[in-house]
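Since this is a predicted model, take the numbers as computed values, not measurements. By convention in this document, chain letters (A, B, ...) are assigned in the order of the sequence lines, proteins followed by strands, and residues within each chain are numbered from 1.
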Amino acid sequence: AQKITQTQPGMFVQEKEAVTLDCTYDTSDPSYGLFWYKQPSSGEMIFLIYQGSYDQQNATEGRYSLNFQKARKSANLVISASQLGDSAMYFCAMREGTGRRALTFGSGTRLQVQP
Amino acid sequence: GAVVSQHPSWVICKSGTSVKIECRSLDFQATTMFWYRQFPKQSLMLMATSNEGSKATYEQGVEKDKFLINHASLTLSTLTVTSAHPEDSSFYICSAPGGLAGVRSYNEQFFGPGTRLTVL
């Protein structure tokens with residue numbers, strides 16, 4: 001079974017509008033972390049936002065917010081006021097357990113911001 | 001934030017040759033580093049976990065004799081692709097988990113900029 005599922009291969013959004021990128025996850029570990037990364041065409045992985053499984057509030061980082069619905073096992077990324085520079089691949093990832101563990105990535109969503 | 005570097009950023013080699021990729025943590029110590037591989041238009045897949053002072057652990061399906069990993073110090077891990085073939089052409093990315101003071105740093109994973117390998 002897929003541990004991280006991103007069902008949107010591609011998304012379009014108009015500049016200055018908000019967009020939601022979907023992510024669902026599957027784990028039986030009560031302790032886990034959820035990450036969102038942006039990957040532009042250069043290939044670098046840019047950290048956007050992190051949500052811990054025990055965090056009571058949804059994480060926010062500037063124009064990025066994470067809509068964390070634990071019971072539904074979803075961790076959608078919301079980008080407000082989209083900019084042309086937001087066009088990139090976006091990956092949702094999960095770290096199961098605590099400590100220095102690797103991430104499991106979803107298949108990604110390609111976001112294109114249109115002027 | 002913490003910085004991870006990779007060298008080279010890209011490499012083109014002939015089939016049958018070996019290629020070494022370096023991953024360095026520049027301002028923090030990394031007892032553990034991860035190596036991922038990303039084929040075009042696909043996601044990142046974990047290849048192996050590099051552990052300073054001990055053998056690397058490889059994911060299922062990854063040939064340890066082909067992808068040699070050496071974690072030489074607390075700031076350096078190397079991945080050597082031995083006898084490279086065109087099917088090994090890919091984007092290789094390393095990462096190191098944080099561990100600095102502060103919850104966020106501990107939970108972060110710091111990625112290198114990646115190495116694009118093309119085998120002719």
* Structure fact -> So, the part of B:L46 with a heavy atom under 4.5 Å from chain A: the answer is side chain
* Return the minimal non-hydrogen interatomic distance between A:Q8 and A:T109, and the atom names on each side. => O-OG1, 2.6 Å
* Asked: Given that the side chain runs from C-beta out, which part of A:T104 has a heavy atom under 4.5 Å from chain B: side chain, backbone, both or neither?
  -> neither
* Asked: Do any N or O atoms from the side chain of B:K66 and from the backbone of B:S83 form a donor-acceptor pair under 3.5 angstrom?
  -> yes
* Looking at NE2 of B:H71 and OG1 of B:T78, how far apart are the two atoms once the value is rounded to the nearest 0.5 Å? -> 9.5 Å
* Asked: For atom NZ of A:K16, is the number of surrounding heavy atoms from other residues, nucleotides or ligands below 6.0 Å larger than 12?
  -> no
* Can you tell which of A:G108, A:G43, A:A102, A:G52 has the highest number of heavy-atom pairs within less than 4.5 Å of chain B? -> A:A102
* Asked: Between A:Q6 and chain B, which part of the residue has a heavy atom less than 4.5 Å away: side chain, backbone, both or neither?
  -> neither
* **Interatomic distance, A:N67 atom CG to A:T60 atom OG1 [nearest 0.5 angstrom]** => 12.5 Å
* To do: Can you tell which part of B:Q38 gets under 4.5 Å to a heavy atom of chain A, answering side chain, backbone, both or neither?
  => side chain
